[in-house]
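Step one of this worksheet: look at the structure below.
Quick note: numbers below take in every heavy atom, side chains included, and nothing from hydrogens, waters or symmetry partners. First the proteins, then the strands, lettered A, B, ... as listed; each starts at 1. What you see is a predicted model, and the numbers here were worked out from it, not measured in a lab.
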There are 2 protein chains.
Amino acid sequence: MSAAGGAPTPVSALAPALPLPRTAPRPEPPVRSPRATEIVEAAQRLLETEGAESLTMRRLGEVLGIRAPSLYKHLPGKPAVETALIETALWGIGDALHRVVDAAGPGDVVGRLLAEYRRFALARPNLYRLVAADPIGRADLTPGLEGWSGEPFYRATAEPYVAQALWAAAHGTVTLELSDRFLPGSDLDRTWAALARAFTAHAGD
Amino acid sequence: MSAAGGAPTPVSALAPALPLPRTAPRPEPPVRSPRATEIVEAAQRLLETEGAESLTMRRLGEVLGIRAPSLYKHLPGKPAVETALIETALWGIGDALHRVVDAAGPGDVVGRLLAEYRRFALARPNLYRLVAADPIGRADLTPGLEGWSGEPFYRATAEPYVAQALWAAAHGTVTLELSDRFLPGSDLDRTWAALARAFTAHAGD
DNA sequence: CCCCCTGGGCTAACAGTGTTAGCTACGGAT
DNA sequence: ATCCGTAGCTAACACTGTTAGCCCAGGGGG
């Protein structure tokens with residue numbers, strides 16, 4: 001991800017930019033062989049239905065009617081599978097968030113952005129957890145993808161560092177909600193509302 | 001962790017509470033045998049100096065001049081080691097944050113709280129990453145520890161849901177900073193400043 | 001003094017992980 | 001008809017956490 005816009009956006013821009021412009025174009029998905037695509041799709045199904053600890057090369061081969069070592073004829077290894085899954089997640093989040101900002105009705109873009117971010121993650125908990133799991137082979141990710149998928153936060157806040165903070169806050173909140181780390185009995189709707197309020201209330205300062 | 005105070009604090013309290021009260025007492029650390037304590041300390045050193053992937057039972061035994069299976073005479077397994085490390089981290093964070101709130105000079109408690117949270121995590125990156133790594137054997141944690149260690153956020157905001165949101169935001173930002181997930185070239189000081197501003201500016205609304 | 005028993009080490013082993021090497025069968029191109 | 005790449009296979013390696021079972025030193029009770 002990484003909010004704060006793509007390459008052409010100068011980081012120091014305190015921009016007015018009310019029409020919520022797009023700056024970075026949607027990056028091109030990488031070309032994969034048909035079989036490799038099948039494998040990645042099977043991996044996604046496996047991850048969502050059985051959880052991360054079931055996403056093993058042997059198990060993945062099994063659901064494909066294949067032995068584990070044969071997977072290496074199509075993909076270089078397990079990190080590649082995970083990277084592919086992370087990428088589909090980033091494309092999904094990016095598309096969903098850009099859509100929200102595109103349909104910018106009158107007020108509270110931030111609130112709707114946060115709601116959509118939350119909705120997406122809760123709908124695919126295991127996928128989001130995978131994205132959140134630290135290391136992420138930055139170098140192997142499609143260039144520009146992280147920036148593009150975080151860009152809606154910039155479009156909504158029009159200030160790069162507020163955008164980064166908002167993105168990080170959303171990420172943290174959703175992570176904790178997925179891990180069930182908030183005090184039991186908390187009304188998470190109100191937590192999200194408090195977060196939206198913090199980033200909305202004081203438009204000019 | 002988990003902000004929003006301990007048991008006696010009614011969640012609905014929109015409290016005035018300006019003297020920044022403490023609600024939950026500091027929980028008692030669990031009693032461990034001397035040898036078990038040695039092992040946990042060695043694990044912490046190992047984690048910080050060599051990283052999470054080196055924190056293996058065989059390697060841990062090695063630095064203690066012991067074979068891996070012997071560790072099981074003192075601790076029930078690797079999850080127990082990790083839980084112990086997580087607990088020391090939570091105690092550390094809790095102590096540091098409570099100290100900040102105790103020394104409450106005039107303004108910007110939130111800013112100083114965030115700064116301390118960040119400082120702590122960056123000083124022990126691998127330890128913090130371990131805490132952030134999802135599953136956390138909630139049941140095996142010292143009761144009340146999570147609530148107590150997040151309580152300073154409540155003391156600083158005096159509203160449980162704002163506290164949760166602030167804590168989550170801090171967690172997310174520090175996680176992304178540790179994983180180097182922000183756009184390269186970003187001035188993270190400004191991101192943190194933007195976060196503090198969001199949770200400070202509008203005191204009353 | 002001897003016995004017993006417990007604490008804390010050991011080796012061997014198991015099941016599981018990602019991954020590599022080397023073999024083989026099929027299918028399309030020359 | 002021959003070649004060769006594609007895509008499967010088995011065997012194996014090095015690693016993980018973990019269990020079973022053995023063994024030896026030290027201390028207390030008869």
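Atom OH of A:Y72 and atom C1' of D:dA12 are 14 Å apart (whole Å). When the C1' atom of C:dG18 is taken as reference, atom CG of A:L55 falls 12 Å away, rounded to whole Å. Atom pair A:L60:CG and C:dG18:P shows a separation of 9 Å (rounding to whole Å applied). Between A:K78 atom NZ and C:dT20 atom P the separation is 15 Å, expressed in whole Å. Distance CG (A:L75) to P (C:dT20): 13 Å, rounded to an integer number of Å. Atoms CZ (A:R58) and P (D:dT16) sit 16 Å apart, rounded to a whole Å. Straight-line distance from the CE atom of A:M57 to the C1' atom of D:dT16: 17 Å, rounded to whole Å.
Under the salt bridge (Lys or Arg N to Asp or Glu O under 4.0 Å) criterion, B:E50 pairs with B:R59, sequence neighbours left out. B:P27 is linked by a side chain to side chain contact (heavy atoms under 4.5 Å, CB included) to B:W91, B:T142, B:L145, B:W148, counting only residues two or more places apart in sequence or in another chain. Checked against side chain to side chain donor-acceptor pair (under 3.5 Å), B:E38 has the following partners two or more places apart in sequence or in another chain: B:R35. Remark: A:D108 pairs with no residue by the side chain to side chain donor-acceptor pair (under 3.5 Å) rule, at least two apart or across chains. By the side chain to side chain donor-acceptor pair (under 3.5 Å) test, B:D95 pairs with B:R26, sequence neighbours left out. Looking at residues two or more places apart in sequence or on another chain, you find a side chain to side chain contact (heavy atoms under 4.5 Å, CB included) between B:A194 and A:Y161, A:V162, A:A165, B:R197.
Among residues at least two apart or in separate chains, salt bridge (charged side-chain N to carboxylate O under 4.0 Å, His left out) pairs with a member in residues 114-126 of chain A are A:E116-A:R119, A:R118-A:E177, A:R118-A:D189.
For B:T56, a side-chain nitrogen or oxygen approaches OP1 or OP2 of D:dG17 to under 4.0 Å. Residue A:H74 places at least one side-chain N or O under 4.0 Å from the OP1 or OP2 atom of D:dG8.
Along DNA chain C, the nucleotide closest to A:P76 and the one closest to A:R59 are compared, and the more 5′ of them pairs with A:R59.
When the nucleotides C:dC10, D:dT18, D:dC9 are ranked by their closest atom to the side chain of B:K73, C:dC10 comes out on top.
Of the residues in residues 61-70 of chain A, A:I66, A:R67, A:P69, A:S70 come within less than 4.0 Å of DNA chain D through at least one heavy atom, sorted by number. Residues from residues 31-46 of chain A with heavy atoms under 4.0 angstrom of DNA chain D, sorted by number: A:R35.
Minimum heavy-atom separation, A:W167 to B:R181: CH2-O, 3.9 Å.
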Quiz prompt | side chain to side chain donor-acceptor pair (under 3.5 Å) between A:R155 and A:H98, intermediate numbers included | solution = CA-CA 9 Å; A:R155 296 177 68 199; A:H98 274 290; 2.9 Å; yes
